Amino acid sequence: MLIQRSPNGRDVPYPSEITPQAVYEQRRDFIKKMAMGAAAGGALWEMANREAFAQAPATKLAAKLNPAYSAMDKPTPFKDASTYNNYYEFGTDKSEPAVNAHTLKTRPWTVSIEGEVKKPMTLDIDALTKLAPLEERAYRLRCVEGWSMVIPWIGYSLSELIKKVEPTGNAKFVEFVTLADPKQMPGVKSRVLTWPYVEGLRMDEAMHPLTLLTVGMYGQVLPNQNGAPVRIVVPWKYGFKSAKSIVKIRFVKDMPKTAWNISAPSEYGFYSNVNPDVDHPRWSQATERRIGEDGFFQKKRKTLMFNGYSDVASLYTGMDLKKNF
Ligand SMILES: Nc1nc2c(c(=O)[nH]1)N[C@H]1C(S)=C(S)[C@@H](COP(=O)(O)O)O[C@H]1N2
Ligand SMILES: [Mo]
């Protein structure tokens with residue numbers, strides 16, 4: 001039998017690179033194995049990935065593993081996921097948020113849900129956390145800069161919250177407004193971006209069950225540098241769509257003006273779906289480096305359409321994704 005060398009330079013391909021049928025079978029296997037883990041609140045899965053969870057801080061957050069929504073890739077070590085960050089409110093260097101974000105005060109914290117909804121509400125972070133059962137979901141997150149991680153997030157589908165506020169027929173988009181407080185965030189004095197950092201999704205994207213309202217990771221509450229106390233995670237889009245430290249969720253008629261789109265419209269579109277076929281104007285998006293696993297000189301991985309979350313393709317039928325980048 002011919003053994004094909006995979007693009008990552010190993011004989012054994014990464015799960016993300018094997019054929020759909022094989023993926024399916026492996027996933028079925030994985031789901032069987034993980035059913036037990038799910039019953040035990042993901043404890044077995046965490047045990048199997050003990051190394052990745054090492055050094056997580058002590059504020060535990062219980063959640064049930066959702067194996068159907070969890071990537072099979074090895075989780076990125078907590079240490080990397082919590083020290084290599086993009087959070088410009090705390091500095092533009094990857095190492096700065098972990099050093100600076102201790103000044104962020106995450107309690108008390110309220111999130112106001114407003115705009116085109118029948119039942120606007122302002123929720124305290126603890127009430128928001130308890131609004132729906134918490135799930136643990138290991139998602140791939142790929143930054144537009146060309147690196148990726150696999151992070152076991154904790155949260156629930158944003159759709160759970162959306163259903164509670166009952167959007168009106170005018171609600172076409174959801175806007176996420178994040179905190180911009182110069183007293184807590186040294187970076188907002190800089191003019192790299194417009195503040196507050198705003199992101200948005202089309203209503204159907206926001207309603208997709210993969211879109212996760214996120215309050216924790218690695219079995220713990222979110223570290224400040226990862227967007228405490230609440231952020232969004234949209235796994236099939238570039239990382240910048242996943243806004244951190246949200247204070248307002250607004251339902252609106254028109255496509256929101258988002259921070260990166262304002263700063264460089266030719267480089268960052270509204271959709272920003274992970275797409276290996278659409279290059280960033282200044283670099284290719286065909287490959288990525290997995291943080292904490294691949295050495296700097298290791299061959300890169302191939303980037304997958306929608307970051308491998310092919311289920312979402314139906315959201316974009318009939319759309320030219322080269323134009324709507
Ligand atoms: N408020 C806010 N949210 C943000 C950012 C930011 O600078 N400010 N950076 C984004 C980018 S570019 C990425 S890649 C992810 C990184 O998330 P992580 O540090 O938890 O991996 O957060 C996104 N959310
Ligand atoms: Mo990013």
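All ligand and atom numbering here is 1-based and tracks the order in the structure. Note: hydrogens, waters and symmetry copies are ignored here, and every other heavy atom, side chains too, is used. Not measured: the values here are computed from a predicted model.
In the model, K253 has no side-chain atom that pairs as donor or acceptor with a side-chain atom of N170 under 3.5 Å. A donor-acceptor pair shorter than 3.5 Å can be found between the side chains of R142 and T303. Using a 3.5 Å distance cut-off with no hydrogens or angles, the side chains of K74 and N49 do not pair a donor with an acceptor.
At a 4.0 Å cut-off, not a single heavy atom of S245 sits close enough to ligand 1 to count as contact. For the ligand labelled ligand 1, residue R231 lies inside the 4.0 Å heavy-atom shell.
The shortest contact between atom 9 (N) of ligand 1 and any protein heavy atom is with N86 O, 3.2 Å. Protein heavy atom closest to atom 1 (N) of ligand 1, with residue, atom name and distance, is E89 OE2, 2.9 Å. Protein heavy atom nearest atom 24 (N) of ligand 1, with residue, atom name and distance: S242 O, 2.8 Å. Looking only at heavy atoms of the protein, atom 15 (C) of ligand 1 is closest to G239 O, 3.6 Å. Distance from atom 3 (N) of ligand 1 to its nearest protein heavy atom, with residue and atom name: K244 N, 3.1 Å. The shortest contact between atom 6 (C) of ligand 1 and any protein heavy atom is with Y197 CE1, 3.4 Å.
Closest heavy-atom approach to atom 21 (O) of ligand 1 within the set T178, I246, L141, I232: this belongs to L141.
Shown in contact with Y88 at under 4.0 Å from a heavy atom are these atoms of ligand 1, numbered in order with element: 6 (C), 7 (O). Counting the atoms of ligand 1 from 1 in the order shown, those under 4.0 Å from a heavy atom of C143 are 14 (S).
Aromatic rings of Y268 and F240 (six-membered ring for Trp) have centroids within the 6.0 Å cut-off, being under it. Ring centroid separation for the pair F270 and W260 does not come in under the 6.0 Å cut-off.
Geometrically, R140 engages Y309 in a cation-pi contact defined by less than 6.0 Å to the ring centre and at most 45° from the axis.
No option in R137, H208, M207 other than R137 meets the side-chain contact (heavy atoms from CB on, under 4.5 Å) test with S157.
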Check the pair F53, F78 against ring pair (Phe, Tyr, Trp, His ring centres under 6.0 Å), reporting the backbone distance first and the verdict last. CA-CA 6 Å; F53 281 76; F78 173 84; 8.6 Å; no
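The aromatic rings of Y316 and F306 lie parallel to each other, with less than 30° between the two planes, well short of the 60° mark.
Looking at ligand 1, you won't find any N or O of W260 less than 3.5 Å from one of its N or O atoms. Of the polar atoms of N226, at least one N or O is found under 3.5 Å from an N or O of ligand 1, judged by distance alone.
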